[in-house]
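Every chain is numbered from 1 and lettered A, B, ... according to where its sequence line falls, protein lines coming before strand lines.
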Amino acid sequence: MNLLKIYQKLLKRFGTQNWWPMQRDFSPPEWEICVGAVLTQNTNWGNVELALKNMKEKGLISRDCIKKVSEKKLAEVIRPAGYYNQKAKKLKILASFSGNLTRESLLSLWGLGPETVDSILLYAYGKPYFVVDAYTKRIFTRLGFGNRKSYDEWRKFFESNLPRSVSLYKEFHALIVKLGKENCRKKPVCRGCPLRRECKKSGI
DNA sequence: CTCCAGGACAAGC
DNA sequence: GCTTGTCATGGA
């Protein structure tokens with residue numbers, strides 16, 4: 001069973017996921033995608049939308065404003081996103097960043113780990129980095145794709161076993177998240193899961 | 001009531 | 001290198 005086939009099954013079952021700039025009508029500016037990527041760290045996307053709405057209403061969404069406003073004030077505005085003190089600091093650090101947009105330079109910033117950095121590079125700047133999250137590891141371990149441990153091992157596994165396509169990377173990751181929410185909550189084979197057969201075959 | 005979401009970091013071993 | 005504690009709101 002190869003990755004592309006799994007992608008196709010998920011796409012057929014769930015349809016396109018309309019994450020960030022895949023939408024036709026509304027394509028948020030790159031900076032807003034970066035903000036969202038930080039705010040959604042270990043946080044439900046619904047809460048992130050509440051925070052983004054607050055930021056827009058208060059006129060605190062642009063890079064410049066975030067640089068200027070106090071960390072405390074920013075924290076208050078993004079409160080619904082949770083971890084608001086940490087995230088306010090992260091956003092200010094990111095807003096002040098002015099280096100090359102490489103994976104390495106972004107990773108050197110406090111508060112940006114591999115998943116957030118890859119999300120920014122992929123969804124905001126269209127660079128072909130495959131985003132790996134907790135769902136990805138759990139689901140593909142269960143499917144018998146090996147017991148990789150580190151983030152980069154998983155990322156390289158996907159990147160070297162898929163066509164190097166930005167839109168494919170975007171949609172596949174979104175579909176994996178969708179699958180993780182719908183199914184794969186519990187350990188055994190889940191009812192109605194589009195990967196039920198593959199899951200059984202792996203014997204986990 | 002409990003559980004946990006589109007993680008990252010620091011401290012301890 | 002790996003494990004655990006911390007950060008926090010809002011919806012199911």
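Between A:R138 atom CZ and B:dG7 atom P there is a gap of 11 Å when expressed in whole angstrom units. In this structure, A:E153 places its CD atom 14 Å from C1' of C:dC2, rounding to the nearest Å. One atom, NZ of A:K137, and another, P of B:dG6, lie 16 Å apart when rounded to the nearest Å. Rounded to whole Å, atom P of B:dG7 lies 11 Å from atom NZ of A:K90. Between A:L39 atom CG and B:dA8 atom P there is a gap of 13 Å when expressed in whole angstrom units. The CD1-P distance, from A:I93 to B:dA8, rounds to 14 Å in whole Å.
The residue A:G111 sits close only to the backbone: its heavy atoms come under 4.0 Å of sugar-phosphate atoms, none of a base. Using a 4.0 Å heavy-atom cutoff across all strands shown, A:L109 reaches sugar-phosphate atoms only and no base atom.
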Problem set entry | Protein proximity profile, nucleotides 3-9 of chain C - base contact B, sugar-phosphate-only contact S, no contact -, cut-off 4.0 Å on heavy atoms | ----BBB
N/O donor-acceptor pairs under 3.5 Å from side chains in residues 2-10 of chain A, not counting sequence neighbours:
unit_1: A:N2; atom_1: OD1; unit_2: A:L4; atom_2: N; d: 3.1
unit_1: A:N2; atom_1: OD1; unit_2: A:K5; atom_2: N; d: 2.8
unit_1: A:K9; atom_1: NZ; unit_2: A:E198; atom_2: OE2; d: 2.7

Would you list the atom pairs, donor with acceptor, under 3.5 Å between side chains in residues 81-93 of chain A and any protein atom, with sequence neighbours excluded?
unit_1: A:Y83; atom_1: OH; unit_2: A:N42; atom_2: ND2; d: 3.0
unit_1: A:K87; atom_1: NZ; unit_2: A:L39; atom_2: O; d: 2.6
unit_1: A:K87; atom_1: NZ; unit_2: A:Q41; atom_2: O; d: 3.3
unit_1: A:K87; atom_1: NZ; unit_2: A:T43; atom_2: OG1; d: 2.8
unit_1: A:K87; atom_1: NZ; unit_2: A:A81; atom_2: O; d: 3.1
unit_1: A:K90; atom_1: NZ; unit_2: A:Q41; atom_2: OE1; d: 2.6
unit_1: A:K92; atom_1: NZ; unit_2: A:I66; atom_2: O; d: 2.8
unit_1: A:K92; atom_1: NZ; unit_2: A:K67; atom_2: O; d: 2.9
unit_1: A:K92; atom_1: NZ; unit_2: A:V69; atom_2: O; d: 2.6

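Residues satisfying the side-chain hydrogen bond (donor to acceptor under 3.5 Å, both in side chains) test with A:T16, not counting sequence neighbours, are none. By the side-chain hydrogen bond (donor to acceptor under 3.5 Å, both in side chains) test, A:E71 pairs with no residue at all, sequence neighbours left out. Residues that satisfy the ring pair (Phe, Tyr, Trp, His ring centres under 6.0 Å) test with A:Y169, not counting sequence neighbours, are A:F130. In this structure A:R103 satisfies the salt bridge (Lys or Arg N to Asp or Glu O under 4.0 Å) test together with A:D118, A:D152, sequence neighbours excluded. Here A:K137 pairs with nothing under the salt bridge (Lys or Arg N to Asp or Glu O under 4.0 Å) rule; sequence neighbours left out. Residues passing the salt bridge (Lys or Arg N to Asp or Glu O under 4.0 Å) test with A:E159, sequence neighbours excluded: A:R155.
Checking B:dA8, C:dG10, B:dG6 against every side-chain atom of A:T116, the shortest atom distance belongs to B:dA8.
When the P atom is compared between B:dC3 and C:dG5, the two are found 16 Å apart, to the nearest whole Å. With C1' as the reference atom, C:dC7 and B:dC1 are 22 Å apart, rounded to whole Å.
Within a heavy-atom distance below 4.0 Å of DNA chain C, no residue of residues 155-162 of chain A is found.
The ring pair (Phe, Tyr, Trp, His ring centres under 6.0 Å) analysis of residues 36-58 of chain A, with sequence neighbours excluded, yields the pairs A:W20-A:W45.
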Taking only N/O atoms, report every protein-nucleotides 10-13 of chain B pair under 3.5 Å with atom names and distance.
unit_1: B:dA10; atom_1: OP1; unit_2: A:W110; atom_2: NE1; d: 3.4

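Salt-bridge check for A:E182 with A:K178: passed, with a basic side-chain N closer than 4.0 Å to an acidic carboxylate O.
Between the side-chain ring of A:Y135 and the base of B:dG6, no stacking contact exists by the 5.5 Å and 30° definition. Stacking of the aromatic ring of A:W45 onto the base of B:dA5 is not found under the criterion of centres within 5.5 Å and planes under 30°.
Distance alone, capped at 3.5 Å, is enough to place a donor-acceptor pair between the A:K127 side chain and the A:L101 backbone.
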For this session: Carefully, step by step, assess A:S105 and A:S108 under the rule side chain to side chain donor-acceptor pair (under 3.5 Å).
Result: CA-CA 5 Å; A:S105 63; A:S108 74; 5.9 Å; no
